[in-house]
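Remarks on the structure that follows.
As a basis for the values below, the full set of heavy atoms in this structure was taken, side chains included, without hydrogen atoms, waters or symmetry mates. Every chain is numbered from 1 and lettered A, B, ... according to where its sequence line falls, protein lines coming before strand lines. What you see is a predicted model, and the numbers here were worked out from it, not measured in a lab.
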There are 4 protein chains.
Amino acid sequence: MAGINKVIIVGNLGNDPEIRTMPNGEAVANISVATSESWTDKNTGERREITEWHRIVFYRRQAEVAGEYLRKGSQVYVEGRLRTRKWQDQNGQDRYTTEIQGDVLQMLGGRNSTQGGYAPQGAPQQQYTQSSAPSRPAPAEKPAPKAEPAMDDFDDDIPF
Amino acid sequence: MAGINKVIIVGNLGNDPEIRTMPNGEAVANISVATSESWTDKNTGERREITEWHRIVFYRRQAEVAGEYLRKGSQVYVEGRLRTRKWQDQNGQDRYTTEIQGDVLQMLGGRNSTQGGYAPQGAPQQQYTQSSAPSRPAPAEKPAPKAEPAMDDFDDDIPF
Amino acid sequence: MAGINKVIIVGNLGNDPEIRTMPNGEAVANISVATSESWTDKNTGERREITEWHRIVFYRRQAEVAGEYLRKGSQVYVEGRLRTRKWQDQNGQDRYTTEIQGDVLQMLGGRNSTQGGYAPQGAPQQQYTQSSAPSRPAPAEKPAPKAEPAMDDFDDDIPF
Amino acid sequence: MAGINKVIIVGNLGNDPEIRTMPNGEAVANISVATSESWTDKNTGERREITEWHRIVFYRRQAEVAGEYLRKGSQVYVEGRLRTRKWQDQNGQDRYTTEIQGDVLQMLGGRNSTQGGYAPQGAPQQQYTQSSAPSRPAPAEKPAPKAEPAMDDFDDDIPF
DNA sequence: TTTT
DNA sequence: TTTT
């Protein structure tokens, strides 16, 4: 073994988490998190901004936590690792998708935050928070890539 | 030169920032940030928690930002480096203090957060955000933060 | 602006760097770095390993440093940020590629390392080291690395 | 629980590891790792360098690994968390020591490296490398501070 | 494609 | 001294 493969993201969810259940009953959550950076263009003097979207996947307990407490707009700290999956498009061509496999999930801003806000809970108030996955989270879980749903409802009312 | 010396802290301020001005007129801010971790004691089965306090210092523009926008309870992301300073107590004995010299400061939770909350400002409502200092902090200069454009164009060019 | 987008990679180059020059004369370097993780399969008890390849791009001075000193097998520490670029394949279909835009490059293993090894240089033996780019890389400038003084004064002022 | 408390260090050991055994038989390793940064003084134009020493503690299996494979001069990647311990000096005064509790240890430079080099092993060639500790490594292990051995043999023949 |  |  060799190497360090670490990603740290702080940003806001662009949508509610997508939760699936694997054949063995374990949960998988996909979230899409935006980070943006801005700078002043040296040539034009204009202010510019670029937004980067990160596709993050959590498994098992963390997937459940994500499904229960995260919502579109929620601010999160995520620590994970890069993983590039190979798949084939309808033409049989090799395609690659890079995503972040989450190891640490921490919700930010507090549950009273008006900024994105977390899921309303009727259930017993659990103490979510940082939940760390062991080093290799799920030995064989390589979910087949699926058609990504269009993020067409993305622009309506993002609270930040 | 050799090495990487990096600290990443996400936590809440235990007090308002302490702001000083150096002889040359530059600002210095000290903040104290708590992180805590909890676990279940293997022997007693009890829930335990330990809180760690981090002393963080910012210089110049970042110090001003800290003074303007941070308050007791504010949640922050800080990236910096460890620095151990040597000093002498009243007995002339050598003493050492380790603190974090901040390079990146990002406020969390949004400006509407009820959770800690940021300073009320009479001045134009700036969206402070990440401000990065170059490698060696004391001799560092940063462009003054400008009002950030709203993220109203959130919907373009999403790759998935 | 909002968010943190940070990647930390420690691994070995799978090939010599690819160096290009942009129309404005600035250098661009692409390197491919492997990280791998291994674990024991819970079901079969077998040892398994997965290798992840990271495509990393450096600009300007750092690109030149990469071109001069890195070679296939070189071990590096890289800090950067994720960037997904959109492009179109020969069928006019949208495609996305995620790469790491490097901000910090540190060579590991020392110049005497037999492990991968760095480029033979006819030029004065520089001790390249960490070179950090400011926040937005493309418009970045870095002071040229200078010969580093040997760490011969290693013994002073150790606080413990 | 709340917060992130993370330290990442890449540097070289100033001494061989100090290995102790706890009453329960578990190993504890203390290592001292240097990072340095250099910059050009804006006023004098002189090249300056500052070295920072990090006190890092590993427990259990990682402590054993450190004891077996690390030596003065070894280059390591360490990930851990800050921990400030309170103790009392001979005058009964409160004193504080900040150290890094290691969670991840990765040796750098390869075992063939001439740069520091790792311990000769007659024993079965174990696969050291990254070893991660679970989130809370040892619920109650707060080793009492002890008199630190002077690092007086520090300057003799450091190979970098 | 690297490294262990 | 914070927060959950």
[X] [atom1] to [N] [atom2]: how many Å, rounded?
X        : N     : atom1 : atom2 : value
B:Glu52  : F:dT4 : CD    : P     : 20 Å
B:Leu13  : F:dT2 : CG    : P     : 11 Å
B:Ile31  : F:dT3 : CD1   : P     : 14 Å
D:Gln106 : E:dT2 : CD    : P     : 18 Å
C:Glu37  : E:dT3 : CD    : P     : 19 Å
C:Asn12  : E:dT1 : CG    : P     : 16 Å
B:His54  : F:dT1 : NE2   : C1'   : 14 Å
D:Met107 : E:dT3 : CE    : C1'   : 14 Å

For a 4.5 angstrom cut-off between non-hydrogen side-chain atoms, does D:Asp103 reach D:Phe58?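 No. Closest side-chain heavy atoms not under 4.5 Å.
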Can you check whether B:Trp53 stacks with the F:dT2 base, using ring centres under 5.5 Å and planes within 30°?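 No; by the centre-distance and plane-angle rule, B:Trp53 does not count as stacking on F:dT2.
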Select one nucleotide: of [options], the one nearest the side-chain heavy atoms of [X].
X       : options             : answer
B:Ala34 : E:dT3, E:dT1, F:dT2 : F:dT2
B:Lys72 : E:dT4, F:dT1, F:dT3 : F:dT1
B:Asn15 : F:dT1, E:dT4, E:dT1 : F:dT1

Side-chain donor-acceptor contact under 3.5 Å, D:Thr97 with D:Trp87: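 A donor-acceptor contact under 3.5 Å links the two side chains.
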Distance in Å, A:Arg85 CZ paired with A:Arg83 CZ, rounded so as to fall on 0.5 Å steps: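 It comes to 6.0 Å.
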Decide salt bridge (Lys or Arg N to Asp or Glu O under 4.0 Å) for C:Asp16 and C:Lys72; before the verdict, give the C-alpha distance in whole Å, the side-chain angles of both, and the deciding distance to 0.1 Å. CA-CA 4 Å; C:Asp16 288 353; C:Lys72 178 177 180 170; over 6 Å; no
Contact class for C:Thr51 vs. all strands (heavy atom < 4.0 Å): base, sugar-phosphate, or nothing?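 Here C:Thr51 touches the bases of the nucleic acid.
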